[in-house]
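Written below as structure tokens is the structure these notes are about.
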Amino acid sequence: MTSPVRRYLGAGLMAVGALIAALCGSCGALFAGGALLGLANGDDAALVAMILGAAAILGGLPALAGVILFRLGRRFRLSTPHLRD
């Protein structure tokens with residue numbers, strides 16, 4: 001791939017990864033915070049554990065995938081292409 005194409009693809013991966021990480025991570029953190037506040041107010045501990053597990057799986061794993069996409073895009077933008085002889 002040529003350098004401008006790699007930079008453009010890297011920028012796209014970074015943008016998509018950042019959006020996924022920010023949106024999924026903040027949603028998961030919001031649900032986890034709500035569950036912890038519910039636990040502090042005396043809600044059932046089993047319900048809170050289920051909500052925390054669901055928030056970790058449904059929000060944490062996509063956020064991790066977004067971080068990986070962002071780092072991959074950053075590597076694409078910063079790396080120099082190898083020229084063939």
Side-chain angles (χ1 to χ4, degrees):
M1 264 190 274
T2 62
S3 182
V5 173
R6 286 181 67 90
R7 291 181 54 83
Y8 183 76
L9 181 62
L13 284 174
M14 286 175 63
V16 169
L19 282 172
I20 291 173
L23 294 176
C24 293
S26 63
C27 182
L30 181 70
F31 276 96
L36 291 175
L37 283 175
L39 182 63
N41 288 333
D43 283 350
D44 185 23
L47 175 65
V48 170
M50 185 180 69
I51 293 173
L52 286 176
I57 292 172
L58 298 176
L61 292 179
L64 178 65
V67 169
I68 291 170
L69 281 176
F70 182 84
R71 290 186 58 137
L72 181 66
R74 185 178 166 104
R75 183 178 293 172
F76 265 45
R77 280 186 60 87
L78 297 179
S79 69
T80 57
H82 300 290
L83 299 176
R84 293 184 180 167
D85 294 330

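In this text the structure is predicted, and so the values were computed from the model without any measurement. Nothing fancy with the numbering, it's 1 onward along the sequence.
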Study note, to complete from the structure: Minimal heavy-atom distance between R77 and M14, with the atoms involved, is CD-SD, 3.4 Å
Point to revise | Hydrophobic cluster membership, V16 vs F76, 4.5 Å side-chain cutoff | key: yes
Check your understanding: Mind checking whether L9 and L72 sit in one hydrophobic cluster, side chains of I, L, V, M, F, W, Y counted as touching below 4.5 Å?
Key -> yes
Check your understanding: Out of curiosity, D44 CG to M50 CE, how far, rounded to the nearest 0.5 Å?
Key -> 9.5 Å
What side-chain donor-acceptor pairs closer than 3.5 Å can you find for residues 25-40, not counting sequence neighbours?
residue	atom	partner	partner atom	Å
S26	OG	A22	O	2.8
S26	OG	L23	O	3.1

Check your understanding: How far does CD1 of I68 sit from CD1 of I20, to the nearest 0.5 angstrom?
Key -> 11.0 Å
Check: residues 54-62 side-chain donor-acceptor pairs under 3.5 Å, at least two apart:
none

